[in-house]
Amino acid sequence: MPELPEVEVTRRSFSARIAGATVLGASLGKPLRWPLGCQPASLEGRLVTDVERRGKYLLLHFDRGLLLLHLGMSGSLSFALELPAMGPHDHFDLHTDRGHLRLHDPRRFGAVVWAPDNDAPVLHKLLGHLGMEPLSQEFSLVRFAAGLKASRSIIKQVLLSGRLVVGVGNIYASEALFRAGIRPTTLAGRIGPVRVARLHAAIVAVLEQAVSLGGSTLRDFQSADGSAGHFQLSANVYGRAGAPCHTCSAPIKMLRQGQRSSFYCPVCQRP
DNA sequence: ATTCTCACCTGCGGGC
DNA sequence: TGCCCGCAGGTGAGAA
């Protein structure tokens with residue numbers, strides 16, 4: 001479910017409401033990708049200061065320490081004054097005096113991990129290799145172009161890896177490549193400067209549009225206040241195999257790269 | 001070093 | 001109706 005837009009929309013939907021809250025306790029469901037790394041009771045009394053996003057991770061900062069949250073493939077957060085009893089797919093509840101934050105994640109690829117301070121080894125392990133934030137000033141065309149030039153991988157993999165730029169997942173990689181007119185199988189280092197510039201702009205544009213539309217709701221994504229996203233309605237290629245291209249009417253093609261599918265227009269996107 | 005493949009887990013839709 | 005298969009928004013670990 002969650003790429004950068006969905007994670008950012010989730011963050012915005014509860015960060016202001018949870019900031020300033022005092023933790024009353026925490027409840028655990030089934031195991032997630034990694035152990036929490038602390039006793040749930042040790043969170044009691046901590047003060048939530050703010051919620052930050054880094055790539056597809058959310059950082060729930062306390063007056064001392066932070067929780068690293070990841071939504072995996074099927075995760076979503078809820079934040080409400082009252083929540084029903086934990087169901088079979090609810091795996092983490094953080095109870096505060098301003099409401100209850102819950103991670104719902106059927107596939108359990110998500111994670112909630114405690115970091116006692118900003119130098120905790122777990123932060124280096126999970127965040128240390130992450131690339132540029134595409135919606136920040138640091139995402140410069142010069143650095144992006146240099147990163148692509150130095151790569152010997154195909155462009156789709158470079159975008160998904162998060163080593164150069166973070167937050168771009170399977171939906172938005174396909175969409176950005178369509179807008180830039182680049183086929184997903186193109187070698188990153190072989191893309192000329194004009195199309196590199198187009199791709200750089202397309203990544204920013206598609207992510208910003210998706211955030212403004214509340215993200216993509218393919219199956220059951222919703223933000224922490226329960227609202228769904230609508231970007232999927234304006235997708236040009238993702239999930240549209242066989243359907244006519246919005247630009248040239250040629251049938252959209254799907255191909256498998258590794259374990260992931262890519263969608264592209266064989267006419268509008270050149271190798 | 002960099003790149004590639006796999007594994008993790010559950011649910012759903014399609015074909016038989 | 002029921003079963004089996006393939007597929008799904010991510011990413012660290014280990015192999016090559």
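Worth knowing before you read on, the calculation uses all heavy atoms, side chains too, and leaves out hydrogens, waters and symmetry mates. Note that the coordinates shown come from a computational prediction; the quantities given were computed from them, not determined experimentally. Every chain is numbered from 1, with letters handed out A, B, ... down the list of sequences.
Looking at heavy-atom distances under 4.0 Å, A/G169 makes contact with sugar-phosphate atoms alone, never a base. At the heavy-atom level, A/H91 lies nowhere under 4.0 Å from the strands shown. When heavy atoms are screened at a 4.0 angstrom cut-off, A/S161 is found touching no nucleic acid atom at all.
When the side-chain nitrogen and oxygen atoms of A/S74 are compared with OP1 and OP2 of B/dC9, none of them lie within a distance under 4.0 Å. OP1 or OP2 of B/dC6 has at least one side-chain nitrogen or oxygen of A/Q259 nearer than 4.0 Å. Checking the phosphate oxygens (OP1, OP2) of C/dA13, a side-chain nitrogen or oxygen of A/K125 falls inside 4.0 Å. Between A/R163 and C/dG12 there is a side-chain N or O to OP1 or OP2 distance below 4.0 Å. In this structure, A/S261 reaches the C/dA8 phosphate: one of its side-chain N or O atoms is under 4.0 Å from OP1 or OP2. Regarding contacts with the backbone of B/dC8, every side-chain N or O of A/R33 stays at 4.0 angstrom or more from both OP1 and OP2. Contact annotation: A/H89 side-chain N/O to B/dC9 OP1/OP2 distance is not under 4.0 Å. When the side-chain nitrogen and oxygen atoms of A/H70 are compared with OP1 and OP2 of C/dG10, none of them lie within a distance under 4.0 Å. Put simply, A/Y57 has a side-chain N or O that comes within less than 4.0 Å of OP1 or OP2 on C/dG12.
Distance, A/R54 CZ to C/dT11 P: 12 Å, rounded to whole Å. Whole-Å rounding puts the A/M73 CE to C/dG6 P distance at 17 Å. Computed from coordinates, the A/L218 CG to B/dG13 P distance equals 13 Å when rounded to whole Å. Atom NZ in A/K156 sits about 8 Å away from atom P in C/dG9, given to the nearest Å. As a whole-Å value, the separation of A/H129 NE2 from B/dT2 P is 14 Å. Between A/Q157 atom CD and C/dT11 atom P there is a gap of 14 Å when expressed in whole angstrom units. A straight line from CG of A/L160 to P of B/dT3 spans 14 Å, rounded to a whole angstrom. Taking atom CG of residue A/L127 and atom P of nucleotide C/dG10, one finds them 17 Å apart after rounding to whole Å.
In this structure, A/F109 does not pack face-to-face on the six-membered ring of B/dC9, missing the 5.5 Å centre cutoff or the 30° plane limit.
Salt bridge absent: A/E175 and A/R179 never bring a charged side-chain N and a carboxylate O closer than 4.0 Å. Ionic pairing of A/E133 and A/R54 is present here: one or more N-O contacts between side-chain nitrogen and carboxylate oxygen are shorter than 4.0 angstrom. We find that A/E6 and A/K56 are not joined by a salt bridge, their nearest charged nitrogen and carboxylate oxygen being 4.0 Å or further apart.
Under 3.5 Å, the side chain of A/R260 and the base of C/dA8 form no donor-acceptor pair of N or O atoms. Checked by distance alone, A/R107 brings a side-chain donor or acceptor within 3.5 Å of a matching partner on the base of B/dC9.
Of the residues near DNA chain C, A/G55 and A/M254, the one whose nearest nucleotide (by heavy atom distance) lies more toward the 5' end is A/M254.
Looking at the side chain of A/W34, the nearest of the listed nucleotides C/dG12, C/dG9, B/dT2 is C/dG12. Minimum atom distance to the side chain of A/R256 is reached by C/dA8, of the listed C/dA8, C/dG9, C/dT11.
When only modelled atom types and interatomic distance are considered, A/H100 and A/E82 share no side-chain donor-acceptor pair under 3.5 Å.
Ring pair A/F263/A/F178: centre-to-centre distance not below 6.0 Å. Ring centroid separation for the pair A/F139 and A/H200 comes in under the 6.0 Å cut-off.
To the nearest 0.5 Å, the span separating CG on A/L101 from CG on A/L60 amounts to 6.5 Å.
Atom name P, nucleotides B/dC9 and C/dG14: the rounded distance is 16 Å, in whole Å.
With both pairing distances under 3.5 Å, C/dA13 is matched to B/dT5 as a Watson-Crick or G-U wobble pair.
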